[in-house]
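This report refers to the structure that appears directly beneath it.
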Amino acid sequence: MKKLLPILLALIGTAAGIGAGIVLAPAPPAHEAGESAASEDGHEAQAHEGAEDHSEPGDAEGEDGNEYVRMTNQFVVPVVGNDRVDSLVVLSLSLEVGPGGSEAVFAQEPKLRDVFLRVLFDHANIGGFAGNFTEQHRMDRLRRALWEAARNVMGKAVIDVLITEIARQDS
């Protein structure tokens, strides 16, 4: 009996682990579940619609049909003064695009990030993040510069650039 107990406990533990893994496994993504269910039922149109729905957690649709696409990562901008970093500014940006424009944003995201960082670094270098950096005219100037940069990359697909979060950490 003493020799069987460790083997029995190992089997029970393994079975419990497998059962917990099955019960607690995350649900498959919605578009995969829609594709498999649609193909099993023979509804090809539903499978095609599910395959084109690439909505991200940051995506939303406005009342006028425009989409809001959140850039995947925050932007970190150093504010340099007296030859050293005085503070860091962290921003989150979203783009307002026309219907179906979110795919184009994700396809151009590396280029968008590059031009946005250029604009943010220029803004920091002219003192845009010094003092009361959230003043209306400073934020309007920054939004306008970001919008122009986005339009240079994406054309008229970009309707607006939204600053959804902004914070400055002084050293």
Side-chain angles (χ1 to χ4, degrees), residues 24-35 37-38 46-171:
L24 298 176
H31 67 276
E32 288 178 13
E35 289 174 6
Q46 287 179 353
H48 183 66
E49 288 174 17
E52 287 190 16
D53 182 23
H54 295 289
S55 59
E56 297 289 324
D59 292 354
E61 193 168 311
E63 294 176 9
D64 53 359
N66 292 339
E67 297 176 7
Y68 298 92
V69 184
R70 189 180 79 206
M71 299 297 287
T72 55
N73 293 319
Q74 294 177 324
F75 294 84
V76 179
V77 183
V79 178
V80 180
N82 299 326
D83 294 329
R84 67 179 203 79
V85 175
D86 285 341
S87 58
L88 292 174
V89 175
V90 180
L91 296 104
S92 293
L93 300 177
S94 292
L95 297 177
E96 181 179 2
V97 294
S102 62
E103 283 297 317
V105 171
F106 290 125
Q108 293 290 324
E109 186 172 8
K111 196 166 191 167
L112 284 168
R113 290 189 67 78
D114 179 60
V115 297
F116 286 161
L117 281 172
R118 289 180 191 189
V119 168
L120 292 168
F121 290 155
D122 288 344
H123 189 73
N125 289 335
I126 63 169
F129 293 122
N132 187 3
F133 66 100
T134 58
E135 288 178 350
Q136 182 74 29
H137 72 279
R138 286 188 184 191
M139 294 300 289
D140 287 343
R141 191 177 321 139
L142 178 59
R143 278 190 198 94
R144 175 75 180 185
L146 290 168
W147 176 78
E148 288 173 354
R151 292 288 283 239
N152 287 338
V153 173
M154 303 278 305
K156 294 188 178 194
V158 176
I159 297 166
D160 199 5
V161 176
L162 309 168
I163 300 172
T164 55
E165 294 176 31
I166 187 167
R168 182 179 66 196
Q169 176 66 47
D170 295 328
S171 330

TODO: List the steps, then state whether side chain to side chain contact (heavy atoms under 4.5 Å, CB included) holds for Ile166 with Met139.
DONE: CA-CA 10 Å; Ile166 187 167; Met139 294 300 289; 4.2 Å; yes
- [ ] Keeping the roles fixed (side chain from Ser92, backbone from Gln74), state whether a donor-acceptor pair exists under 3.5 Å.
- [x] no
Task: Lys/Arg N to Asp/Glu carboxylate O, Arg118 vs Asp122, below 4.0 Å - done: no
Any side-chain heavy atom of [X] within less than 4.5 Å of one from [Y]?
X	Y	answer
Leu120	Leu142	yes
Val69	Ser94	no
Val105	Glu103	no

Between [X] and [Y], which heavy-atom pair has the shortest distance, and what is it?
X	Y	value
Ala124	Pro78	CB-O, 3.9 Å
Gly101	Glu67	N-OE1, 3.8 Å
Thr164	Leu93	OG1-N, 4.0 Å

List for me each residue that meets side chain to side chain donor-acceptor pair (under 3.5 Å) alongside [X], sequence neighbours excluded, and say none if there are none.
X	answer
Arg141	none
Gln136	Asp140
Arg113	none
Asn73	none

TODO: Apply the test side chain to side chain contact (heavy atoms under 4.5 Å, CB included) to residues Leu95 and Phe116: give CA-CA distance (whole Å), side-chain angles for both, the deciding distance (0.1 Å), then the verdict.
DONE: CA-CA 12 Å; Leu95 297 177; Phe116 286 161; 3.8 Å; yes
Open item on the list: side chain to side chain contact (heavy atoms under 4.5 Å, CB included) for Asn132 and Thr134? Distances and angles first, verdict last.
Closed with: CA-CA 6 Å; Asn132 187 3; Thr134 58; 3.2 Å; yes
- [ ] Hey, could you give me the CZ/CG distance between Phe75 and Leu88, rounded to the nearest 0.5 Å?
- [x] 15.5 Å
Check residues 148-155 and write down every donor-acceptor pair under 3.5 Å in which the side-chain atom is one partner and the other belongs to a residue at least two apart or another chain.
unit_1 : atom_1 : unit_2 : atom_2 : d
Glu148 : OE2    : Arg144 : NE     : 3.0
Arg151 : NE     : Gly155 : O      : 3.3
Arg151 : NH1    : Val158 : O      : 2.9
Asn152 : ND2    : Glu148 : O      : 3.4

Open item on the list: Checking Val115 against Leu146 for the side chain to side chain contact (heavy atoms under 4.5 Å, CB included) test, could you report, in this order, the C-alpha distance in whole Å, the side-chain angles of both residues, the deciding distance, and whether it holds?
Closed with: CA-CA 8 Å; Val115 297; Leu146 290 168; over 6 Å; no
Open item on the list: I need the full list of salt bridge (Lys or Arg N to Asp or Glu O under 4.0 Å) pairs touching residues 158-171, with sequence neighbours left out, sorted by first then second residue.
Closed with: Arg168-Asp170
